[in-house]
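Chain letters run A, B, ... following the sequence lines, proteins first and then strands; every chain starts at 1.
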Amino acid sequence: MSTKLQIYNTLTRKKEEFEPYNAPHVGLYVCGPTVYGDPHLGHARPAITFDLLFRYLTHQGYKVRYVRNVTDVGHLENDADAGDDKIAKKARLEQLEPMEVVQYYTLRYQDAMKELNVLPPSIEPRASGHIIEQIEMVKQILDNGFAYQSNGSIYFDVEKYNAKHNYGKLSGRNIEEMISNTRTLDGQNEKRNGVDFALWKKASPEHIMRWPSPWSDGFPGWHLECSAMSTKYLGQPFDIHGGGMDLMFPHHECEIAQSVAAHGHEAVRYWMHNNMITINGQKMGKSLGNFITLEELFSGSHKLLEQVYSPMTIRFFILQAQYRSTLDFSNEALQAAEKGLQRLMAANRMLDRIKPSDSSTVDVADLPSRAFAALSDDLNSPIAIAVLFDWVRNINSLAEGKEKITQSDLETLTKEFRAIVFDVLGIVDEQSGGSKQAELTGKLIDMLLTMRLEAKARKDFETSDRIRNQLTEMGVTVRDRKDGFDWEIA
RNA sequence: GGUACCGUGGCCGAGUGGCUAGGCAGCGGUCUGCAAAACCGCGUACAGCGGUUCGAAUCCGCUCGGUACCUCCA
């Protein structure tokens, strides 16, 4: 499967063939969470999108270094706050150390990602652990004349930068217009211009998250961490920078400007942006009352949710849309995804029941060739899944003997099907636990159902129904089959 | 207001000039002691109007509707 990967590059607004800068190595940087609250639905989309990319590239034989940061300092709430950052604010509110809050939510995030079967990145650096690197970068930008000091804080001089370079090229913004629009409004704060952004902020006296720097005790501006850490771990330039579309402006725009101002050239070769998630057609937001955390989803505890949705249902649902499309969450859509996933998993188990023949009536090469062709086209996972469902039908026909397959083709099919479903799409069969307990439970259920089968054989339907009914009460769905039985823990 | 993007069958969601995905729901059938499940089969839809073309969901224009970003956001 050596179809070349095509990536939609936000910078050029078109699909481009992906050529690593230093093959077979690939550098991938993705904006991670700001750890000041519980992980929510919005965090799941980029995590899963770029997990798919990571898995796909790895599967294709690339050596990928995947860096996904944790933002644990310096997220300015807004200009009015001038010096308060989100994390410090929350910390005072709850009477906790900032790092305690950060630790708590970082673990919450990582746990949720694990549930979604998102692989841990190669490096998960924290902004707070890279203050020195960020200070160094501020110095470089100052030395190159693209920043100025104001009352202990350092700001990036967007107007000056834009005179030589193009600020706004990523998001398609006309910065001259923005400058003329904002200039009149300003004058009340330290910035020369409203569009300037902070590289270093002086901490106000009550501000508890602070580090010494040549300019003041303070903290780095938000955009700086990604520039500093991507450079540190991936070098310059590096291949792919990903994140949510909402980060395109100003965050990623600022990253580009910082790189050029500090190093004289851009750092990123391909920019990828996943689209947003909507809920019942509306953007998810705290003020709209439709803000759903991942835990609420997994436990079904949010008032908009009719039932529990398992992590794999969420993952599968997200993969059923292409990452650049908006994706609308609704009970109906999630339930459809849940059913579809169950069918896919059932087919996977069915693979083990297929009896080989001496010839094949199906072309097993079709599955990987079409599925990987889809994925190589800017990660078109919905098409890849459609191909899988074509093969679900084939697998069922094979299991019923309507189609035939040789032993060697069957092995290929099983291997390819599972590679795509489990390794690349990152699906997990939630039925097949894995723990000793789950294994034992499975064996016990098998035993009971075997006894039921024996009861049925001697037409002792009272016993057979009793076993089935009691299992049903315990939440085990029993299905009779021609060749025995099948069950599922609901 | 500026800048992008989108509008596909009951729902979700691919498809970017002819070959008309896929899932869920629905309908029909098979299987079955009963039940459930499962499995098989079935759907010519592309906001509206106009244009280009032999031919458009796909290109162009207009109209209507929606979303996102422009402030922290994934």
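At the phosphate of B:rG15, OP1 or OP2 sits under 4.0 Å from a side-chain N or O atom of A:Asn380. For A:Arg393, a side-chain nitrogen or oxygen approaches OP1 or OP2 of B:rG23 to under 4.0 Å. Proximity of A:Arg343 to the phosphate of B:rC39: a side-chain N or O atom is located under 4.0 Å from OP1 or OP2. Considering only side-chain N and O atoms, A:Ser325 lies nowhere under 4.0 angstrom from the phosphate OP1 or OP2 of B:rG13. Under 4.0 angstrom from either OP1 or OP2 of B:rC40 there lies at least one side-chain N or O belonging to A:Asn396. At the phosphate of B:rC40, neither OP1 nor OP2 sits under 4.0 Å from any side-chain N or O atom of A:Lys402.
A stacking contact links A:Phe461 to B:rG33: the aromatic ring centre lies within less than 5.5 Å of the base's six-membered ring centre, and the planes differ by less than 30°.
At a cut-off of 3.5 angstrom, counting only N and O atoms as typed in the model, there is a donor on one side and an acceptor on the other between the side-chain of A:Arg468 and the base of B:rC34. A donor-acceptor contact under 3.5 Å links the side chain of A:Asp465 to the base of B:rG33. Residue side chain A:Asp480 reaches the base of B:rC34 through a donor-acceptor N/O pair under 3.5 Å, judged by distance alone.
In this structure, A:Phe249 places its CZ atom 6 Å from P of B:rU71, rounding to the nearest Å.
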Problem set entry | Residue pair A:Tyr66, A:Phe50: steps toward the ring-ring contact (aromatic ring centres under 6.0 Å, His included) verdict | CA-CA 9 Å; A:Tyr66 176 17; A:Phe50 294 105; 7.6 Å; no
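Here the side chain of A:Arg126 pairs no donor or acceptor atom with the backbone of A:Val73 at under 3.5 angstrom. Between the side chain of A:Asp460 and the main chain of A:Thr463, a donor-acceptor pair closer than 3.5 Å is present.
Nucleotides B:rG22 and B:rG9 place their C1' atoms 14 Å apart, quoted to the nearest Å. For the C1' atom pair drawn from B:rC54 and B:rG61, the interatomic distance equals 22 Å after rounding to whole Å. If you take atom P in B:rA21 and the same atom in B:rU44, they sit 10 Å apart, rounded to whole Å. One C1' atom belongs to B:rU8, the other to B:rA56, and the distance between them is 14 Å to the nearest Å.
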